[in-house]
Amino acid sequence: MSTVTDTTLDQTASKAPATPAALLWTILAGSVATVVSTFLAWTWTAAFPGNLTIYGNPAPLQVLTLVGAVLTGLYALSALGIKGLGWLTPTGSRRPLTILTLGTFVTTWFTALAIIVELGHLVDLEPGAVFALVASAVPGIAAYKLPNDTRKAAPAKQLPSWAEILIIVAVFALGLYVVTFGIDTDDSEPQLFIAYLILVGFSATALVKSGLTARLSQITARNRQVTVTAAIVMAIAFPFLQQSGDTYTLIAVNILIFATVALGLNIVVGLAGLLDLGYVAFLGVGAYTAALVSGATSSAFGVQFPFWAAALTGMAASLVFGVVIGAPTLRLRGDYLAIVTLGFGEIFRIAMGNLDGTSGPQITNGPNGIPNIPQLEFFGYNFGESHTVLGIELGAYANYYLLMILIMALVVVVFSRAGNSRIGRAWVAIREDETAATAMGINGFRVKLVAFALGAALAGLAGTVQAHVNTTVVPENYVFAGPVPPNSAFLLAAVILGGMGTITGPIVGSALLFLIPAKLSFLQDYQLLGFGIALILLMRFRPEGLIANKRAQLEFHENDDDQQVVPEQRQSEDAGVGTAKAGA
């Protein structure tokens, strides 16, 4: 009798669907209803930022809910087995569906709560908003009841080369639009930027959990030249899309400066494993050097070098400081090295404030800094003036943005070449186990000194551009920690949160850590509180960083049951993984 019962249960289990169709259709219906709700008015007055009173024309806040609902519907159709959408869920649909429904729900409810708080009454919500709240909750409840996926990742089909190129172009074009949307959000509408962060965060997590990003990484790995070209074109196109002024281009310039310095620190921390808490001082050395030799009216030297000479001088000065500081201190390890570098950063800031002719020689003009740094000029092309290119007027900051794109490309090449070189493998060996590396014949002191000097030189190069962009240099810009990046704490956070040892990780981390404080300036004294909470959450749920190499993922999630590796993914690992394996 028990044998017959067991056989019947096994047959029933084999016939049971992996994902109940009824729940998936419920998710799809709720998503369609949420889409419809975005075309309704959510409030009755235009006093709320964004004007959510118009029928048939979603406001930007409603567009975010619309996008989340559309993505949820597409993933529900993929889970239902609709032909042509299976590529959305190579490793399963339950987790991405749960995350997307939650993201749409949180975005919608945040908007409704913002309306109530801003206008002051619950009755300020129109029936369209109530409909949106209910509709967005239905898919979340249904997705929560979905059973776990049991299928493994299917091997990816090789697409024609032209199809892969089209996918790369489409992905970069979509990425450019998403980034531009976030940077261009009006500072007077913080609700829009917060909702944007919520939706992008949940959507990006869903794409990762579905395995789609791993498949895309395989495609980009097979088409590296096309990928690099698309990335450069996307970056260059950004200032041409800024028709509302030059304000947001300035944010982009500062992000690039921040990211360039973070990549230099990534050599020290990510590859060599040296904890540097005073790295922002090297940025200051480059900036002060460029200010002193670029013809500033308050310069103590009274000379004016062309930019290429000022940049080389700033790099050389930072490199010298890196060697001078590193030579006597790099024999230390761990916390002791961190304390020494922290002291160097504070000594630099205090010294720059005392070289005012009273407490010390008149070199830096003390706490008043060096103002009136002239604009760059190449062959009669003044970077401080607007220019018309391809019929589009580019502001002054657009010129510096394009210059920083070139510098960023140079730094990326240096980082990738150094990481894949013999010295790069030695860095990783020192990072993993300095004692074992020394026993294998690696000169640990010399290897670490090279990393320290190279990272300092790259920071000095970024500092030369920062001095001309800000047209002034003051000691307060180079502190260990503060609410405004770049500073040593934010630089270290950008490297660790973005993903140590990778190229794209620090760039993404720098963009987030600069953009979020700039857009949420209304929080004022609560910015660092929010920053700390975000650090705690990220370190808890993704300690390897936002964009981590495979080695880091395996180290932090070695015992996790949900770590599904897409076949052939190991072939598309970035340079940092190959470097780590070679040096380990």
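- Judged by distance alone, the side chain of D433 and the main-chain N or O of A436 form a donor-acceptor pair under 3.5 Å.
- Remark: the backbone N or O of L461 is paired with a side-chain donor or acceptor of T464 at under 3.5 angstrom.
- For the pair Q304/S294, no side-chain contact is recorded, criterion being any heavy-atom separation below 4.5 Å from C-beta on.
- Looking only at side-chain heavy atoms (C-beta outward), L402 and I236 come within less than 4.5 Å of each other.
- Atoms CG and OG1, on N477 and T472 in that order, are 8.0 Å from each other to the nearest 0.5 Å.
- Between the CD1 atom in I219 and the CD1 atom in I167 there is a gap of 4.0 Å [rounded to 0.5 Å].
- One finds the OG1 atom of T313 at 11.0 Å from the CZ atom of F307 (value rounded to the nearest 0.5 Å).
- For N365, the side chain to side chain donor-acceptor pair (under 3.5 Å) test picks out no residue, with sequence neighbours left out.
- For V280 against S488, the heavy-atom pair with the smallest separation is CG1-OG, 3.1 Å.
- A donor-acceptor pair is defined here as one N or O able to donate and one able to accept, closer than 3.5 Å; such a pair exists between the side chain of T91 and the backbone of S210.
- Taking 4.5 Å as the limit, some side-chain heavy atom of T341 sits within range of a side-chain heavy atom of F452.
- Residues E164 and R222 form a side-chain contact, since some pair of their non-hydrogen atoms from C-beta on lies under 4.5 Å apart.
- Each of V495, L274, L454, V411 was scored for a side-chain contact (heavy atoms from CB on, under 4.5 Å) with I267, with one residue passing: L454.
- The main-chain N or O of V200 is never found under 3.5 Å from a side-chain atom of S203 such that the two would form a donor-acceptor pair.
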### Task
Tell me, with the steps shown, if L491 and F258 meet side-chain contact (heavy atoms from CB on, under 4.5 Å).
CA-CA 8 Å; L491 286 169; F258 190 12; 3.0 Å; yes
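- Of all heavy-atom pairs spanning L458 and T260, the tightest one is O-CG2, 4.4 Å.
- Considering only heavy atoms from C-beta on, V450 comes within 4.5 Å of W427 through its side chain.
- Counting only distance, with no hydrogens or angles, the side chain of K448 and the backbone of L330 share a donor-acceptor pair below 3.5 Å.
- Taking each heavy atom of S318 and A456 in turn, the nearest pair found is CB-O, 3.2 Å.
- Taken to the nearest 0.5 Å, the CD1 atom of I255 stands 9.0 Å off from the OG atom of S510.
- Side-chain contact check for L319 versus V323: some heavy-atom pair is nearer than 4.5 Å.
- Looking only at side-chain heavy atoms (C-beta outward), L283 and P486 come within less than 4.5 Å of each other.
- Here the CG atom belonging to N487 is positioned 8.0 Å from the CZ atom belonging to F480, to the nearest 0.5 angstrom.
- Atom CG in L342 sits 9.5 Å away from atom CG in L275 (nearest 0.5 Å).
- A search for side chain to side chain donor-acceptor pair (under 3.5 Å) contacts involving Y288 returns nothing, not counting sequence neighbours.
- With a 4.5 Å cut-off on side-chain heavy atoms, F514 and F490 do not count as touching.
- Looking at residues two or more places apart in sequence or on another chain, you find no side chain to side chain donor-acceptor pair (under 3.5 Å) involving E476.
- Paired with L207 under the rule side-chain contact (heavy atoms from CB on, under 4.5 Å), one option of I99, T213, L88 passes, and it is T213.
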* Start with the C-alpha gap between L271 and M500, add the side-chain angles, then the distance that decides, and say whether side-chain contact (heavy atoms from CB on, under 4.5 Å) holds. => CA-CA 8 Å; L271 295 183; M500 291 192 298; over 6 Å; no
For a side-chain contact (heavy atoms from CB on, under 4.5 Å) check, start with the C-alpha distance between M404 and I257, then their side-chain angles and the critical distance, and finish with the verdict.
CA-CA 7 Å; M404 279 306 305; I257 294 174; 3.9 Å; yes
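- The number of heavy-atom neighbours closer than 6.0 Å to OH of Y336, taken from other residues, nucleotides and ligands shown, is 12 or below.
- The aromatic rings of F282 and F344 are tilted relative to each other, their planes meeting at an angle between 30° and 60°.
- Side-chain contact check for Y400 and Q466: no donor-acceptor pair (N or O, by modelled atom type) lies under 3.5 Å.
- With hydrogens and angles ignored, the 3.5 Å screen pairs a side-chain donor or acceptor of T364 with a backbone N or O of M352.
- Although no hydrogens or angles enter the test, the distance criterion places no donor-acceptor pair under 3.5 Å between the side chain of Y401 and the main chain of I251.
- Although no hydrogens or angles enter the test, the distance criterion places no donor-acceptor pair under 3.5 Å between the side chain of D276 and the main chain of A338.
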